[in-house]
Amino acid sequence: MGFRTDFLWGGATAANQCEGGYNEGGRGLANVDLAPVGPDRFPVITGEKKMFAFDEEHFYPAQNAIDMYHRYKEDIALFGEMGFKTYRLSIAWSRIFPLGDETEPNEEGLKFYEDLFKECRKHNIEPLVTITHFDCPMHLVEKYGAWRSREMVGFYENLCNVIFNRYKGLVKYWLTFNEINMILHAPFMGAGLYFEEGENKEQVKYQAAHHELLASAIATKIAHEVDPENQVGCMLAAGTNYAYTCKPEDVWAARKADRENFFFIDVQSRGEYPAYALKELEREGIELPIEDGDLDLLKAHTVDFISFSYYSSRVQSTDPAINEKTAGNIFASVKNPYLEASEWGWQIDPLGLRTTMNDLYDRYQKPLFIVENGLGAVDVPDENGQVIDDYRIDYLAAHIQAMKDAVELDGVDLLGYTTWGCIDLVSAGTGEMKKRYGFIYVDRDNEGNGTLKRSKKKSFDWYKKVIATNGEDL
Ligand code: P53
């Protein structure tokens with residue numbers, strides 16, 4: 001009973017939110033570098049406001065982030081001390097191909113990740129690598145319009161060829177696109193998309209989606225060819241939608257909202273565009289730019305496992321009077337009156353994780369991997385300089401219990417669990433440092449002040465114990 005004996009406990013980060021060193025080692029500029037902290041962030045990440053160069057008025061937190069580019073040895077040692085079996089990180093595309101359309105990769109960038117993976121192995125940590133976590137070289141955005149263009153598939157294929165060959169034997173677990181459904185919600189951050197006046201945004205998004213789905217299938221093909229040991233996963237921003245009432249229209253609205261997300265995974269896992277989506281796109285006048293051979297590739301190269309992030313469930317209502325929304329503006333949803341929320345308005349629902357796991361396992365019947373979950377909170381060090389984050393421990397313990405129920409009581413096959421932001425890092429949604437998720441505190445504030453010193457929070461020893469007991473002692 002309980003979790004598998006080889007259960008992959010660990011934590012997760014993304015390059016642009018922790019590395020910094022944005023102009024070092026030959027790295028090129030990426031879309032995610034240009035998302036400032038403050039009120040302009042939302043229009044920038046949604047593609048409504050063009051930000052193609054740094055300006056004086058804004059602060060760009062990704063430029064230096066928590067400086068993991070220079071401090072990864074210290075950080076990985078701390079992960080090792082907690083007993084991590086895996087560490088999920090992402091590769092910054094523009095370190096490997098600074099412009100994105102070169103034929104030869106940048107050796108300095110390749111070497112950086114090679115050293116980092118070796119450092120993980122030294123601590124018996126299995127790297128879990130997201131190939132793209134919201135990043136896209138700016139040159140590809142400016143020259144090709146990023147994922148709206150079919151040429152992106154070839155550039156991504158080059159990237160995959162290079163990294164799969166170079167890191168063969170060092171990395172076995174790969175995720176093709178972080179939260180692939182983010183194309184729909186934050187298109188500039190998710191896929192480098194911005195919009196021209198008057199253009200049909202939905203057309204651009206689904207066109208980009210087809211290109212990413214195709215690129216994901218090709219990546220899966222190459223990964224398996226290069227090394228049959230490779231395991232490739234898709235990655236969904238998950239969270240089941242509840243109907244606000246049992247009114248059939250509300251139930252239908254919740255079903256539709258779930259399908260908007262399942263759409264991507266249906267293709268990546270089952271290898272086919274689902275009927276409901278084809279009909280809906282046809283009604284909306286949206287054309288998928290499918291070329292000869294595309295559908296065969298999608299069908300032949302489906303993923304090995306389903307990974308997802310889970311922070312909260314969501315609620316749908318068709319009643320205009322039920323209009324109180326949760327604060328999270330990227331995935332705004334009707335407020336659930338039965339749930340508490342984080343300081344950022346993200347509602348807390350551990351049972352929703354069990355429900356989400358069951359929904360995904362019933363639908364795809366492939367192993368699951370929870371690659372993000374956690375509580376973003378304001379942490380204040382006490383008089384001894386330590387953060388006593390019992391609220392985070394409570395959140396994580398309740399979610400781990402729910403996932404244990406899904407495994408023990410429902411029979412879900414779960415490969416592992418990596419908490420989001422295992423070390424404090426820059427928030428994707430807000431650009432703040434103040435929204436912290438880590439077991440490790442980093443001394444840095446929203447304006448970029450601080451020593452960057454790392455220190456253990458109370459949750460550090462708690463998670464160490466959870467891992468040591470394979471989730472028995474929460
Ligand atoms: P932050 C919104 C809703 C669900 C997941 O988010 C999201 C977002 C983006 O805000 O993104 C994932 O930092 C993402 C991470 C991100 C994390 O959730 O806004 O994969 O990059 O940091 C948490 O609190």
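Since the structure is predicted, the reported quantities are computational estimates derived from the model, not experimental observations. Each ligand, and each atom within it, is numbered from 1 in the order the structure gives.
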Peer 1: Identify the two heavy atoms, one from Ala253 and one from Thr318, that lie closest to each other, and give their separation to 0.1 Å.
Peer 2: CB-CG2, 4.0 Å
Peer 1: Distance only, no hydrogens: is a donor on one side chain within 3.5 Å (strictly under) of an acceptor on the other, for Asn178 and Thr130?
Peer 2: no
Peer 1: Identify whether the distance between the nearest side-chain nitrogen and carboxylate oxygen of Asp413 and Arg4 falls below 4.0 Å.
Peer 2: yes
Peer 1: Please work out which of the three classes, parallel, tilted or perpendicular, describes the rings of Phe439 and Phe84, given edges at 30° and 60°.
Peer 2: perpendicular
Peer 1: Taking only heavy atoms of the protein into account, state which residues are under 4.0 angstrom from an atom of ligand 1, in chain and number order.
Peer 2: Gln17, His133, Phe134, Asn178, Glu179, Met182, Tyr311, Ile330, Phe331, Trp346, Glu372, Trp420, Ser427, Ala428, Gly429, Lys435, Tyr437
Peer 1: Which residues pass the side-chain hydrogen bond (donor to acceptor under 3.5 Å, both in side chains) test with Thr430, not counting sequence neighbours?
Peer 2: Ser427, Glu432
Peer 1: Here's a test for you: under side chain to side chain donor-acceptor pair (under 3.5 Å), which of Asp250, Asp349, Thr355 qualifies with Tyr242?
Peer 2: Asp349
